[in-house]
Chemist: 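Below is the structure I would like to discuss, written out as structure tokens.
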Amino acid sequence: MARVVLKLGDDISTDIIYPGRFMATVLPTETPQYAFADFPEFNARLKSGEIPPGSVVVAGKNFGCGSSREQAASTLKGHELVIVAKNFARIFLQNAINLGLKVVVCPEIEAEEGDEVEILPDKVINKTTGKEFKVEPLPKARQAIIDAGGLIPYTRKLLLEKAASRKKA
Amino acid sequence: MGLTMVEKILARATGRKAVRAGEVVEPKVSLAMSHENAALVINQFLEIYKDTGLMPKVWDPDKIAIIFDHRVPAESSKTATNQKKIREFVAAQKIKKFHDIRGDEGGICHQILPENGYILPGTVVVGTDSHTTSHGALGAFSFGIGATEMASVWTLGRVLNVEVPRTIKVVATGKFQRHVLPKDFILYLIGLITAEGANFKVLEYHGPAIEKMDISGRLTVCNMSVEAGATSGIVPPDRETLRYLREEAGVKGRIDIFGPDPEAEYARIVEIDVSDLEPMVACPHTVDNVKPVSKVGKVKVNQIVIGSCTNGRLDDLAVAARILKGKKIARGVRMLVFPASFRIYQQALKLGYIADLVKAGAVVMNPGCGCCLGVHQGALGDGEVALSTTNRNFKGRMGNPKAEVYLCSPAVAAASAITGYITDPRKGGK
Ligand code: SF4
């Protein structure tokens, strides 16, 4: 069970999640401080540590549209937020999966700030309203990366396989 | 059953006869581009090699391009240090397609790649920048990826787990009116199909209005295809593509020209007659909030920006110079011009465009991304309004969430500079 800590509308761009003026900061260890920097109140709550890992951000359509900046995924991953959106922009979704940020595609989701939700593989249950919403599976092409725990371990495995087969040859 | 452009390209890049939308493939990459975010790519690349006992080595240094453009010259010590680290990596890995901050070969990545002949039709191009869609203008399948994904490409030379996208065919017929430009066409299309209308799909452009468009215009159209959510925009290569590659980009080797099969299967077909198209404006704060300039009302502007990977090419500067020659930019308006590359800057100098713009009151800045992404070189004050030929008007995009950004063509931008409010270039300033 987790609480919805932020509710957003459609077309939330990467400029809102991680403003361009902080793009000189790149390391996943340093990006979390600028999450939603232009929402000073929410940013302050994140930084104060009062929002527990696993808390949920609910958004509308096309979450993460815009830039390919990976900071937008790493900044949310740094706070271990879970993003439940009606759908996601392509590059953001890939970045999220590559970095192991939890994203849930839930086209009908209805939830308000403060609601308690339970996220299951096939549905999201809003415990506050008692309503259930179907979850769409993530792109099947990405499953292997999710299973490996992200793109870095996945690529490392392939790299080692390649090196081993070279040695043999 | 026939194949779309992208299905054909992905078949070639995977060594197969055919691939179909929905299949998962791992295409070989012909060019992998990054800009300053190479700093993060390097970090992730080294992370992949960590504890493997292997020496970190990129798969093919000739196929990697790194261009400094987003924050040039460095706006902070942090950026300068990142750039320094990238230079060291470039030297150690022997990466040759590296464009540093230089007046002879620098510029914005999406201009540097085509003008140096790095992009060939029928190839797979990836870049750690969402506007990598631009290079579809030359008939490549070119799309944006994140930094970790790029690190994986640097390691293996292919993109892992790509789902072959479906394609929307856009057919543009008719003839553009005077002062109506490719930018107006793409803004209109984004307004029509919305900011997520092409999400996970490719926009493939056809029709007489596209065939007549030069590569510069096609770059504008493919550049902004991502603003409709598209994975990529693509124009089937033709004589104009060949002309550009041979004459402007200096490509000497083999060039493959092919189009989609006539019976290719599309997700959707969108037809647009451009003959009645007006100059268009994308209003704050989404790119699909598009209106004809006549419906925008009287909007006073504080800053006008001409440039970026969308509209910073020679023809864009020519349009602006023609409108502003001998005129004055309205008091209270500041106009910033960022040519897309130093090659363009030098050409514009020679042709007198720079002088025309400066005499009118414009400030011509060094080629690069400039204020497009809100880091430096032209921030907006609270409540101020910018009118810009760039490609995004998201809240905060130009560095201030309390400001507003409108997007338009260079003709609208230049006409508006004279009056001080958003103006239809067909009516002229004043
Ligand atoms: S000019 Fe703007 S949109 Fe183009 S690459 Fe630079 S920051 Fe991105």
Side-chain angles (χ1 to χ4, degrees), chain A residues 10-16 19-31 37-39 61-63 65-74 86-99 139-145 150-160 162-163, chain B residues 24 36-37 39-40 43-44 47-52 54 70-71 74-76 78-79 82 127-132 143-149 151-152 155-156 160-163 194-196 199-200 226-227 229-231 285-286 288 372-376 379 392 394-399 401:
Chain A
D10 293 341
D11 298 317
I12 296 300
S13 74
T14 50
D15 278 291
I16 293 178
R21 61 185 186 278
F22 303 118
M23 263 167 72
T25 300
V26 295
L27 297 180
T29 46
E30 292 175 15
T31 55
D38 288 333
F39 295 173
K61 289 194 249 181
N62 207 20
F63 184 85
C65 62
S67 154
S68 67
R69 68 188 67 151
E70 198 161 289
Q71 288 99 322
S74 71
K86 292 189 173 160
N87 61 41
F88 292 86
R90 180 186 66 90
I91 304 177
F92 179 85
L93 185 67
Q94 291 193 184
N95 285 342
I97 292 169
N98 291 343
L99 295 184
K140 65 177 191 301
R142 297 273 141 180
Q143 198 54 48
I145 297 168
L151 187 59
I152 287 185
Y154 186 68
T155 305
R156 189 184 291 139
K157 195 177 109 223
L158 294 175
L159 169 69
L160 287 169
K162 193 169 111 183
Chain B
V24 178
E36 278 96 330
N37 61 18
L40 179 54
N43 185 76
Q44 303 300 78
E47 195 62 34
I48 290 171
Y49 273 83
K50 210 167 133 190
D51 299 329
T52 60
L54 301 168
H70 273 55
R71 296 178 295 273
E75 91 299 348
S76 65
K78 196 158 199 170
T79 293
N82 282 342
T128 43
D129 190 278
S130 53
H131 294 104
T132 303
F143 56 101
I145 60 176
T148 303
E149 197 138 9
S152 175
T155 308
L156 302 169
L160 299 175
N161 300 26
V162 177
E163 188 170 325
T194 79
E196 49 145 3
N199 211 355
F200 293 94
V226 69
E227 306 310 328
T231 302
H285 293 286
T286 56
D288 60 1
C372 174
L373 76 163
V375 178
H376 67 159
R392 284 195 176 132
F394 302 152
K395 207 172 207 165
R397 175 71 181 181
M398 277 192 182

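Only heavy atoms go into these numbers, but all of them, side chains included; no hydrogens, no water, no symmetry mates. Numbers restart at 1 for each chain; the letters A, B, ... are given by sequence-line order, proteins then strands.
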Chemist: Measure distances from Phe92(A) to the heavy atoms of chain B and classify the residue's part below 4.5 Å as side chain, backbone, both or neither.
Modeler: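 Phe92(A) has no heavy atom closer than 4.5 Å to chain B.
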
Chemist: Which bit of Thr25(A) comes within less than 4.5 Å of chain B, counting heavy atoms only: side chain, backbone, both or neither?
Modeler: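 Contact with chain B: backbone and side chain both.
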
Chemist: Select, from Ser67(A), Gly150(A), Ala72(A), the one with the greatest count of heavy-atom pairs under 4.5 Å involving chain B.
Modeler: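 Winner by heavy-atom pair count: Ser67(A).
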
Chemist: Tell me, for Arg397(B) versus chain A, whether the close heavy atoms (under 4.5 Å) come from the side chain, the backbone, both or neither.
Modeler: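 Looking at Arg397(B), backbone and side chain both touch chain A.
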
Chemist: Can you measure from CZ (Phe143(B)) to CD1 (Ile91(A)) and round to the nearest 0.5 angstrom?
Modeler: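 Atom-to-atom, Phe143(B):CZ and Ile91(A):CD1 are 9.5 Å apart.
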
Chemist: Quick check for you: to the nearest 0.5 Å, what is the distance between Asn87(A) atom CG and Glu196(B) atom CD?
Modeler: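 If I round to the nearest 0.5 Å, the distance is 5.0 Å.
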
Chemist: Using a 4.5 Å cut-off on heavy atoms from C-beta on, say whether the side chain of Thr286(B) contacts that of Ser13(A).
Modeler: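 Side-chain contact under 4.5 Å: no.
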
Chemist: Is Leu159(A) close to chain B through its backbone or its side chain, or both, or neither, when contacts mean heavy atoms under 4.5 Å?
Modeler: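 For Leu159(A), heavy atoms of backbone and side chain both lie under 4.5 Å from chain B.
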
Chemist: Once rounded to the nearest 0.5 Å, what's the spacing between atom CG of Leu160(A) and atom OH of Tyr49(B)?
Modeler: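 Leu160(A) CG to Tyr49(B) OH: 9.5 Å, rounded to 0.5 Å.
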
Chemist: Search all heavy atoms of Glu30(A) against all heavy atoms of Lys78(B) and return the closest pair with its distance.
Modeler: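 In this case the closest contact between Glu30(A) and Lys78(B) is OE1-NZ, 3.3 Å.
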
Chemist: The criterion is side chain to side chain contact (heavy atoms under 4.5 Å, CB included); which residues satisfy it with Ser152(B), sequence neighbours excluded?
Modeler: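 Residues passing side chain to side chain contact (heavy atoms under 4.5 Å, CB included) with Ser152(B): Leu151(A), Thr155(A), Leu156(B), Leu160(B).
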
Chemist: State, yes or no, whether a side-chain contact exists between Gln44(B) and Leu99(A) at a heavy-atom distance under 4.5 Å.
Modeler: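 Answer yes - side chains close enough.
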
Chemist: Which pair of non-hydrogen atoms, one from Thr79(B) and one from Ala24(A), has the smallest distance, and what is that distance?
Modeler: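 The answer is OG1-CB, 3.3 Å.
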
Chemist: Quick check: do Cys65(A) and Asn199(B) have side-chain heavy atoms less than 4.5 Å from each other?
Modeler: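 No - every pair of side-chain heavy atoms lies 4.5 Å or more apart.
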
Chemist: Just verifying a value: how many Å separate Glu163(B) CD and Arg90(A) CZ, rounded to the nearest 0.5 Å?
Modeler: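 Output value for this atom pair is 11.5 Å.
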
Chemist: Please determine whether side chain to side chain contact (heavy atoms under 4.5 Å, CB included) holds for the pair Glu70(A) and Leu40(B), giving the CA-CA distance in whole Å, both sets of side-chain angles, and the decisive distance to 0.1 Å.
Modeler: CA-CA 9 Å; Glu70(A) 198 161 289; Leu40(B) 179 54; 4.0 Å; yes

Chemist: Looking at CG of Asn161(B) and CD1 of Ile97(A), how far apart are the two atoms once the value is rounded to the nearest 0.5 Å?
Modeler: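 Result: 10.0 Å between the selected atoms.
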
Chemist: Which one, Asp51(B), Thr155(B), Val162(B), leads in non-hydrogen pairs under 4.5 Å with chain A?
Modeler: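 Ranked by heavy-atom pairs under 4.5 Å with chain A, first place is Thr155(B).
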
Chemist: Checking heavy atoms, do the side chain of Glu149(B), its backbone, both or neither come under 4.5 Å from chain A?
Modeler: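 Both the backbone and the side chain of Glu149(B) come within 4.5 Å of chain A.
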
Chemist: Run Asn37(B) and Arg69(A) through side chain to side chain contact (heavy atoms under 4.5 Å, CB included) and show every step you take.
Modeler: CA-CA 8 Å; Asn37(B) 61 18; Arg69(A) 68 188 67 151; over 6 Å; no

Chemist: First locate atom CG of Leu54(B), then atom NZ of Lys162(A), and finally report the distance between them rounded to the nearest 0.5 Å.
Modeler: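 So the CG of Leu54(B) and the NZ of Lys162(A) are separated by 10.0 Å.
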
